[in-house]
2 protein chains.
Amino acid sequence: MRFSRQRELVADIVSGRKDHPTADAIYLSAREIEPNISLGTVYRNLKLLADEGRLVTLETSDKKIHYDGDLSIHSHFICEDCGKIIDLFESAHSHELLENMGLSVSSEKCFYYGKCSDCKR
Amino acid sequence: MRFSRQRELVADIVSGRKDHPTADAIYLSAREIEPNISLGTVYRNLKLLADEGRLVTLETSDKKIHYDGDLSIHSHFICEDCGKIIDLFESAHSHELLENMGLSVSSEKCFYYGKCSDCKR
DNA sequence: AAAATAAATAGTAATGATTACTATTATTAT
DNA sequence: ATAATAATAGTAATCATTACTATTTATTTT
């Protein structure tokens with residue numbers, strides 16, 4: 001896999017952010033540095049980077065894929081009111097149980113839903 | 001919320017199945033009993049039932065929403081090869097940790113990825 | 001270094017799951 | 001029974017994502 005200016009840029013944007021941007025948000029950021037980059041290029045590279053395991057996709061109920069450049073095992077809390085996604089770096093589920101069931105686990109995605117402290121008030 | 005024949009049917013199909021069907025699969029099942037039911041009605045009712053908490057939506061990477069009528073807290077294992085979704089009725093994460101962070105948890109969705117025993121071989 | 005080969009891009013068109021819309025039908029209330 | 005309300009069927013619109021194509025950029029070969 002070659003790393004063109006555009007691909008590098010997309011990868012850098014995702015791993016440089018602590019939120020969980022959508023393709024469109026990444027596209028907007030990218031255009032500030034590479035004004036001619038096309039949306040298709042952003043999508044293509046996001047998909048390639050995800051396939052390579054260089055970023056993680058979060059499929060939420062808003063129908064848009066969110067991208068996470070933080071590859072450490074962690075979960076996410078999604079606020080039902082404001083939609084904010086909060087990282088949860090608690091200890092992960094034990095995978096042993098699943099291995100004992102004949103399932104080999106390569107990754108996990110856990111989402112918790114509720115109200116964040118702002119919206120709870 | 002009135003329970004029309006169609007709404008009842010959609011609800012029954014989802015809660016009667018142990019797989020995790022998409023809207024289209026539910027539509028096909030529904031048409032066997034109610035041949036004139038429209039796809040829009042299926043979608044509308046699935047959304048309403050989900051809002052009411054009578055079923056759970058699973059947003060997977062195949063871009064189609066899967067519906068789960070089993071409301072007990074459980075996780076899912078998704079096979080990276082065949083896409084099969086397997087229920088995991090292990091004990092859930094403890095929510096106390098999150099409550100202590102000021103997050104009130106109303107539900108959770110956890111996905112584990114890997115290869116199922118069939119595909120592993 | 002020029003020619004040949006391969007990969008990546010920009011820009012646009014197509015896809016497809018989901019939602020919105022509208023006229024009609026069914027249900028409930030007065 | 002009539003009026004008011006909700007739900008439906010069927011179709012059109014939406015919109016995130018993908019596919020496509022001609023062109024550009026990078027790599028390899030001679």
Side-chain angles (χ1 to χ4, degrees), chain A residues 1-14 17 19-52 54-69 78 83 85 109 111, chain B residues 1-14 17 19-52 54-69 78 83 85 109 111:
Chain A
M1 176 146 86
R2 290 183 193 166
F3 261 76
S4 65
R5 245 182 13 262
Q6 293 91 332
R7 181 163 302 158
E8 193 85 48
L9 178 58
V10 168
D12 287 352
I13 288 171
V14 175
R17 290 174 67 144
D19 59 346
H20 307 80
T22 61
D24 199 60
I26 293 161
Y27 173 59
L28 290 179
S29 286
R31 284 184 53 163
E32 290 174 9
I33 286 150
E34 194 81 34
N36 279 359
I37 195 170
S38 89
L39 183 56
T41 295
V42 171
Y43 270 108
R44 180 165 23 78
N45 284 317
L46 285 171
K47 180 174 271 226
L48 280 167
L49 292 165
D51 287 348
E52 294 270 318
R54 292 171 190 271
L55 56 83
V56 171
T57 59
L58 304 178
E59 289 82 15
T60 66
S61 49
D62 70 357
K63 303 272 178 52
K64 298 176 204 160
I65 300 174
H66 293 252
Y67 297 88
D68 189 350
I78 300 180
I85 302 177
K109 292 181 190 173
F111 300 96
Chain B
M1 175 146 85
R2 290 183 193 168
F3 261 76
S4 63
R5 244 179 19 260
Q6 293 90 334
R7 183 164 301 159
E8 195 85 48
L9 177 57
V10 169
D12 287 352
I13 288 171
V14 175
R17 290 174 67 146
D19 59 345
H20 307 80
T22 60
D24 199 60
I26 293 160
Y27 173 60
L28 290 179
S29 286
R31 285 186 52 163
E32 290 174 10
I33 287 150
E34 194 80 36
N36 279 359
I37 195 170
S38 90
L39 183 56
T41 295
V42 171
Y43 269 109
R44 180 165 24 78
N45 285 317
L46 286 171
K47 179 175 273 227
L48 280 168
L49 293 164
D51 287 348
E52 295 269 318
R54 293 169 189 273
L55 55 83
V56 171
T57 59
L58 303 179
E59 289 82 15
T60 66
S61 49
D62 69 358
K63 303 272 178 53
K64 297 175 204 161
I65 300 174
H66 293 252
Y67 297 88
D68 190 351
I78 300 180
I85 302 177
K109 292 180 189 173
F111 301 97

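Proteins come first, then strands; the chains are lettered A, B, ... in the order of their sequence lines, and each starts at number 1.
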Residues in side-chain contact (heavy atoms from CB on, under 4.5 Å) with [X], at least two apart?
X        : result
Asp12(A) : Glu8(A)
Glu52(A) : Met1(A), Arg54(A)
Leu39(B) : Tyr27(B), Tyr43(B)
Ser4(A)  : Gln6(A), Arg7(A)

- Going by number, which of residues 4-13 of chain B have a non-hydrogen atom under 4.0 Å from DNA chain C? none
To the closest 0.5 Å, what do you measure between [atom1] ([X]) and [atom2] ([Y])?
X        : Y        : atom1 : atom2 : result
Ile37(A) : Leu28(A) : CD1   : CG    : 11.5 Å
Lys63(B) : Ser61(B) : NZ    : OG    : 8.5 Å
Phe3(A)  : Asn45(A) : CZ    : CG    : 8.0 Å

- Which two nucleotides bound the region of DNA chain D that has atoms under 4.0 Å from heavy atoms of chain A, read 5' to 3'? dA16(D) to dT27(D)
- Item | Contacts of Asp62(A) that satisfy side-chain hydrogen bond (donor to acceptor under 3.5 Å, both in side chains) - sequence neighbours left out | Thr60(A), His66(A)
Heavy-atom check, side chain of [X] versus side chain of [Y], under 4.5 Å:
X        : Y        : value
Leu58(B) : Tyr67(B) : no
Leu49(B) : Val14(B) : no
Val10(B) : Thr41(B) : no

- At how many degrees, to 10°, do the end axes of the helix from dA1(C)-dT30(D) to dT30(C)-dA1(D) meet when each uses five pairs?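 Angle reported: 30°, given to the nearest ten degrees.
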- Query: Nearest heavy-atom pair of Ala23(A) and Val42(A): which atoms, and what distance?
  - Reply: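 Minimum heavy-atom separation between Ala23(A) and Val42(A): O-CG1, 3.9 Å.
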- Task: Please collect all salt bridge (Lys or Arg N to Asp or Glu O under 4.0 Å) contacts where either partner lies in residues 33-46 of chain B, sequence neighbours excluded, each pair once.
- Result: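 Pairs touching residues 33-46 of chain B that pass the test: Arg5(B)-Glu34(B).
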- Message: In whole Å, I'd like the distance from the CZ atom of Arg2(A) to the C1' atom of dT9(C).
- Response: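 That distance rounds to 12 Å.
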- Note on the structure: Expected list for residues 54-69 of chain B near DNA chain D, using heavy atoms below 4.0 Å, is Lys63(B)
- Item | Positions of residues 35-48 of chain A (non-hydrogen atom under 4.0 Å from DNA chain D), listed by number | Tyr43(A), Lys47(A)
- Note on the structure: Sorted by chain and residue number, the salt bridge (Lys or Arg N to Asp or Glu O under 4.0 Å) partners of Asp24(A) (sequence neighbours excluded) come out as none
- Task: In sequence, state the C-alpha distance, the side-chain angles, and the governing distance for Leu46(B) and Ile26(B), and then conclude on side chain to side chain contact (heavy atoms under 4.5 Å, CB included).
- Result: CA-CA 10 Å; Leu46(B) 286 171; Ile26(B) 293 160; 3.9 Å; yes
